[in-house]
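Right, one structure below, let's go through it.
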Amino acid sequence: MKSLDIILSGIFLFLTQLTIGQQTHSTNLINGDLIFVGAEQKNLSGAINRVTQRDTNSSFDHIGIIEINKDSIFVLHASSKSGTIREKIQDFFKTQKNGRNDLVIFRLKQPYDKSIPIAITAAKQMLGKPYNWSYILNENSYYCSDFIERAFRSYHIFQLEPMTFINPTTGKTDDFWINFYHKQGIEVPEGKSGCNPNGLAASDKLVKIGNLML
């Protein structure tokens with residue numbers, strides 16, 4: 001059985017890697033796919049990306065998880081405007097594409113995909129909470145990558161890491177974040193545990209499928 005699992009895993013990777021860099025239609029989505037939103041260069045999106053980008057060829061500032069229920073496709077995510085919500089993929093696509101952002105699908109490799117049913121259940125249990133604007137982990141509000149990390153936490157799919165708000169170009173705390181936290185009356189949470197979309201996208205437990213088209 002172990003050798004069969006290895007063979008099936010190899011076939012899965014071969015088939016999914018054929019689509020890397022290509023477009024994928026919503027009809028090709030499966031339960032538990034992760035949808036990443038391309039980062040912009042300005043405002044909060046640009047500030048997040050400046051201090052978290054890992055791949056010079058891609059950058060993300062938002063993430064959600066796909067749920068397929070009968071004939072409908074939903075995105076479960078922590079929205080900065082609406083808090084943690086379950087949104088039809090057509091609405092999610094329209095909102096995100098208004099900013100001309102790429103929507104990129106990633107998929108869990110085998111055997112990590114076994115975590116998906118529990119992750120979706122966990123995500124649904126977190127719906128209705130407000131967005132966490134401090135990005136300091138707590139149990140009463142969530143930000144997008146925090147929401148996804150928690151959903152998969154029981155299987156340890158993603159890891160929390162020390163957060164940094166230092167601009168690698170200057171070696172100093174990014175001015176945006178200094179002002180951002182000054183307005184909240186708190187110190188920049190440099191070094192506190194957290195996560196971000198770019199960090200999750202860099203996981204070796206995921207494979208990139210392609211840009212989403214409806």
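Counting from 1, the numbers follow the sequence of the chain as shown.
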TODO: Search all heavy atoms of Val75 against all heavy atoms of Gly64 and return the closest pair with its distance.
DONE: CG1-CA, 4.0 Å
Open item on the list: Count I, L, V, M, F, W, Y as connected when their side-chain heavy atoms are under 4.5 Å apart, and connections chain through other members. Are Phe74 and Leu29 then in the same cluster?
Closed with: no
Open item on the list: Counting C-beta onward and ignoring hydrogens, is there a side-chain heavy-atom pair between Gln96 and Ile35 closer than 4.5 Å?
Closed with: no
Task: Leu108 versus Ser115, closest heavy-atom pair with distance - done: CD1-OG, 3.8 Å
Task: Exam field: side chain Ser145 to backbone Cys195, donor-acceptor pair closer than 3.5 Å - done: yes
TODO: Examine Ile73 and Leu103 and state if one hydrophobic cluster contains both, with Ile, Leu, Val, Met, Phe, Trp and Tyr joined whenever side-chain heavy atoms are less than 4.5 Å apart.
DONE: yes
Open item on the list: Do Tyr181 and Phe165 have side chains that approach each other closer than 4.5 Å (heavy atoms only, starting at C-beta)?
Closed with: yes
Open item on the list: What I'd like to find out is whether the side chain of Ile116 reaches to under 4.5 Å of the side chain of Ile30, using heavy atoms alone.
Closed with: no
Open item on the list: My understanding is that only residues two or more places apart in sequence, or in another chain, count here; which of them pass side chain to side chain contact (heavy atoms under 4.5 Å, CB included) with Gln90?
Closed with: Lys88, Leu214
Task: Pairwise side-chain contact, Thr52 with Pro197, heavy-atom cut-off 4.5 Å (strictly under) - done: no
Task: Of all pairs that satisfy salt bridge (charged side-chain N to carboxylate O under 4.0 Å, His left out), the ones with a partner from residues 167-194, not counting sequence neighbours - done: Arg50-Asp174
- [ ] For Ser134 and Asn132, test the side chains for any donor-to-acceptor distance below 3.5 angstrom and give the result as yes or no.
- [x] yes
Open item on the list: Any heavy-atom pair between the side chains of Trp177 and Ile48 that's under 4.5 Å?
Closed with: yes
Task: Which residues share a salt bridge (charged side-chain N to carboxylate O under 4.0 Å, His left out) with Glu161, sequence neighbours left out - done: Arg54
Task: Ala78 versus Tyr142, closest heavy-atom pair with distance - done: CB-O, 3.8 Å
TODO: Side-chain contact test, heavy atoms from C-beta onward, threshold under 4.5 Å: evaluate it for Tyr143 versus Leu137 and give yes or no.
DONE: yes
TODO: Treat each ILVMFWY residue as a node, draw an edge where side-chain heavy atoms are under 4.5 Å apart, and state whether Tyr131 and Ile148 are in one component.
DONE: no
Open item on the list: For Cys144 versus Asp61, what's the shortest heavy-atom pair and its separation?
Closed with: SG-O, 4.0 Å
- [ ] Please name all residues satisfying salt bridge (charged side-chain N to carboxylate O under 4.0 Å, His left out) with Asp146, sequence neighbours left out, ordered by chain then number.
- [x] Arg150
Task: Partner of Ile66 under side chain to side chain contact (heavy atoms under 4.5 Å, CB included), chosen from Leu34, Ile120, Ile89 - done: Ile89
Task: Non-hydrogen atoms of Lys205 and His156 that approach each other most closely - done: NZ-O, 2.9 Å
- [ ] Check for a donor-acceptor pair, side chain of Asn69 on one end and backbone N or O of Ser72 on the other, with a separation under 3.5 Å.
- [x] no
- [ ] Give the cluster check for Val104 versus Leu76: same hydrophobic cluster or not, with ILVMFWY residues linked at side-chain heavy-atom distances below 4.5 Å.
- [x] yes
Task: Pairwise salt bridge (charged side-chain N to carboxylate O under 4.0 Å, His left out) hits with a residue in residues 129-138, at least two apart - done: none
Open item on the list: Looking at every non-hydrogen atom in both residues, tell me the closest pair between Ile166 and Gly171 and how far apart they are.
Closed with: CG2-C, 3.4 Å
Open item on the list: Determine whether Phe106 and Leu200 satisfy the following criterion, side-chain contact (heavy atoms from CB on, under 4.5 Å), listing intermediate values before the conclusion.
Closed with: CA-CA 10 Å; Phe106 282 70; Leu200 270 56; over 6 Å; no
Task: Inter- and intrachain pairs under salt bridge (charged side-chain N to carboxylate O under 4.0 Å, His left out), touching residues 119-128, at least two apart - done: Glu67-Lys124
Open item on the list: Between Ile85 and Phe92, is there a side-chain heavy-atom distance shorter than 4.5 Å?
Closed with: no
- [ ] Indicate, with yes or no, if Phe152 and Ile118 share a hydrophobic cluster defined by side-chain heavy-atom contacts under 4.5 Å among Ile, Leu, Val, Met, Phe, Trp and Tyr.
- [x] yes
Open item on the list: So Ile209 and Asn28, do their side chains get closer than 4.5 Å, heavy atoms only?
Closed with: no
Task: Plane angle bin for Tyr135 and Trp133 - parallel if under 30°, tilted between 30 and 60°, otherwise perpendicular - done: perpendicular
Open item on the list: Whether the side chain of Asn31 engages the backbone of Ile68 through a donor-acceptor N/O pair (distance < 3.5 Å, no angle test) should be reported.
Closed with: yes
Open item on the list: Looking at Gly194, is its backbone amide N or carbonyl O close enough to the side chain of Asn196 to form a donor-acceptor pair, meaning the two atoms are under 3.5 Å apart?
Closed with: no
TODO: Give a yes or no on whether the ring-centroid distance for Tyr155 and Tyr112 is below 6.0 angstrom.
DONE: no
